[in-house]
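This report concerns only the one structure given below.
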Amino acid sequence: MSGFDDFERVSFSKPGMVSGLPQDAADTLGMLFDEWSMHYEPNLMRSTYFNGREKVRNLAVSIPETLARRVNSMVGWPAKAVRALADLSQFEGLACDGDDTLGLAGIAYGACLDVTVQQAVTSAYKHGCAFLASYLDADGTPRVMCRSALMSSALWDMERQEPASAMTITGVDAKTRQVTSLMLFLPGRAYDVRKSEGRWTATGIMQAYEGVAVTPVCSDPQLDKPLGRSMITRPLISYTDAAIRTLVRMEATAEFYAIPKLWLLGLEDDAFDTSSWSALISSINSITRDVDGNVPQLEQVQQASMQPHADMLATLARMAAGETDLPVSDFGIISSNPTSAEAMAEAERKLTRRADRQNRLFARAVKRALGIAWCARENQLRLPDLSAYTPVFASTREESAGARADYFQKVASVSPSYASTDIAWRQLGFDADSARVLSSASRGQQALDGLTALLGDNGEGAHDVDEAGAEAGAQSGQGGQTGVQAA
């Protein structure tokens with residue numbers, strides 16, 4: 001997609017006659033276009049607020065419109081709300097209970113899921129949902145493509161609780177901003193639809209999976225909103241607008257605050273031979289009496305205080321913090337009294353609880369997208385049994401290394417097999433590769449200890465024990481709890 005940016009408007013008229021597209025698919029494409037058109041403006045608005053390009057919604061009461069347009073004030077609260085939660089959804093890879101018989105490791109690596117999933121999570125928090133489209137490329141390699149809701153739409157199947165159809169825009173002309181290509185996903189089939197010389201043409205895409213090869217990644221899905229809700233909510237948008245207006249008023253007030261407001265009473269028009277600014281900055285100024293011999297009077301008007309604007313901005317920041325479950329300090333409001341440890345922990349718990357709930361939803365979406373990609377590669381109609389695979393996200397809680405080590409030791413003393421799992425070593429703070437090596441070594445050591453206890457430690461058969469232990473360690477490196485990194 002050439003030259004596309006979130007905050008640039010895209011022009012897309014409903015395709016009329018599409019060559020090569022069956023009538024039922026054309027009707028579905030029309031409904032998907034209507035769905036996309038209905039949500040495009042709200043999604044574009046949220047992208048604008050996220051990118052800090054929102055405009056001043058001036059009330060035109062205390063600030064003239066000309067001045068409001070000249071002041072370039074921005075508030076980054078919507079981006080802060082999205083990124084603070086997205087940072088708690090760091091995808092680390094897959095954990096497999098046993099051998100990776102389906103070969104999902106290769107699919108995850110080829111699809112760069114460590115990057116793709118993070119982009120999908122951020123986009124989902126921004127617009128309410130994102131989409132992972134699974135398909136085979138021209139070389140027959142399974143891919144998982146991340147698409148934003150700003151350029152995609154889907155119709156929801158309430159009975160099956162999955163997409164009934166989906167459309168995603170894949171090409172936009174850099175000059176005209178006209179859509180030039182899209183992908184249409186239907187149950188058991190998909191189409192690559194392109195526009196050339198004013199005519200639309202559809203080409204079928206090989207798809208073995210019997211359903212729609214698109215998986216939604218949703219933020220806070222509800223029964224009445226199965227495709228999720230954006231973190232940039234209407235209250236947060238309202239608080240952001242009010243904060244921008246407050247900053248504009250502060251800017252205007254600061255201009256008057258910077259120069260003392262002086263009134264000289266009883267002067268002729270030609271009293272100042274030099275400019276007013278020169279008179280203001282001069283160290284010594286003198287003024288003669290008027291024609292009647294009276295001395296002019298000098299009065300200074302007291303400047304308006306900036307404190308009410310600062311207080312209003314702090315109030316809006318507290319309201320935005322309550323809406324997003326973020327501490328108010330994240331919005332730039334620092335209290336003179338340091339925040340207590342209990343208050344900070346409570347603010348963290350609210351956010352981590354939401355992140356933990358979301359990570360479970362994201363994990364299910366990642367697993368389904370990989371399963372569909374496997375169906376494409378293996379030419380299978382239905383998803384395989386994926387119960388042995390667990391997408392792993394980094395811990396949402398900040399814990400010290402000592403606390404993690406203490407937890408590891410206590411659990412391993414009760415259940416020795418815990419120390420031989422990838423999950424245990426991940427919880428200890430190691431990455432996926434290190435966790436896999438350490439868990440394999442732990443399983444090998446456990447096998448060796450078991451053989452030593454069985455044969456006795458009197459030296460008999462020591463050579464056999466060493467060979468058997470080495471063989472058991474090699475086998476345990478293949479089976480058991482296997483970590484699959486997606487990067």
Determine yes or no for a side-chain-to-main-chain donor-acceptor pair under 3.5 angstrom, with K350 supplying the side chain and L326 the backbone. no
Distance, nearest 0.5 Å, that separates CZ of F91 from CG of L113: 5.5 Å
Say whether, by atom type as modelled, one donor and one acceptor occur between the side chain of R143 and the main chain of G110 under 3.5 angstrom. yes
Any sub-3.5 Å donor-acceptor pair from T28's side-chain atoms to D24's backbone N or O? yes
CA sep, side-chain torsions, deciding dist, call: F362, Y125, ring pair (Phe, Tyr, Trp, His ring centres under 6.0 Å): CA-CA 12 Å; F362 295 151; Y125 285 140; 5.7 Å; yes
Got a second to check how far S89's OG is from F393's CZ, nearest 0.5 Å? 6.0 Å
R354/D356 salt bridge by N-O under 4.0 Å criterion: no
Does the side chain of S219 come within less than 4.5 Å of S230's, by heavy atoms? no
Has the side chain of D173 got a donor or acceptor atom that lies under 3.5 Å from a matching backbone atom of K175? yes
Taking the six-membered ring for Trp, are Y239 and W77 closer than 6.0 Å centroid to centroid? no
Do W156 and P216 come close enough that some side-chain heavy atom pair is under 4.5 Å? yes
Side-chain touch I107/R377, heavy atoms, less than 4.5 angstrom: yes
Rounded at 0.5 Å granularity, tell me how far CG in L184 sits from CZ in R189. 8.0 Å
For a quick test of your reading: what N or O donor-acceptor pairs under 3.5 Å do the side chains of residues 196-208 make, sequence neighbours left out?
residue, atom, partner, partner atom, Å
Q207, NE2, Y209, O, 3.1
Q207, NE2, G211, O, 2.8

Answer yes or no on whether K126 is positioned over the face of F50, meaning its NZ or CZ is under 6.0 Å from the six-membered ring centre and within 45° of the axis. yes
Interatomic distance, I244 atom CD1 to L316 atom CG [nearest 0.5 angstrom]: 11.0 Å
Do any N or O atoms from the side chain of T116 and from the backbone of C112 form a donor-acceptor pair under 3.5 angstrom? yes
Check whether any side-chain heavy atom of M231 sits under 4.5 Å from a side-chain heavy atom of L85, and report yes or no. yes
Approximate separation, where rounding is to 0.5 Å, of S19 OG and R194 CZ: 14.5 Å
Close side-chain approach of T396 and N359, heavy atoms under 4.5 Å: yes
Does some side-chain heavy atom of H127 sit less than 4.5 Å from a side-chain heavy atom of S148? yes
Answer yes or no: are there more than 12 heavy-atom neighbours, outside K367 itself, under 6.0 Å from its atom NZ? yes
Between D157 and E159, is there a donor-acceptor pair closer than 3.5 Å when you use the side chain of the first and the backbone of the second? yes
Establish, from distance only, whether the side-chain atoms of R53 and T48 form a donor-acceptor pair under 3.5 Å. no
Residue pair L94, L370: steps toward the side-chain contact (heavy atoms from CB on, under 4.5 Å) verdict: CA-CA 11 Å; L94 298 175; L370 286 174; 3.6 Å; yes
Could you tell me whether the side chain of L29 reaches within less than 4.5 Å of the side chain of L182, counting heavy atoms only? yes
Where the side chain of D241 meets the backbone of R245, is there a donor-acceptor pair that is under 3.5 Å apart? no
Return yes if some donor-acceptor pair links the side-chain N/O of S238 with the main-chain N/O of R234 below 3.5 Å, else return no. no
Give a yes or no answer on whether the side chain of Q161 reaches the backbone of M158 with a donor-acceptor pair at less than 3.5 Å. yes
Decide yes or no for V172 and I169: does some side-chain heavy atom of the first lie under 4.5 Å from some side-chain heavy atom of the second? yes
Pairwise distance NE2(H39) to CG(L44) - rounded to 0.5 angstrom: 14.0 Å
Do T168 side-chain atoms and S152 backbone N/O form a donor-acceptor pair below 3.5 Å? no
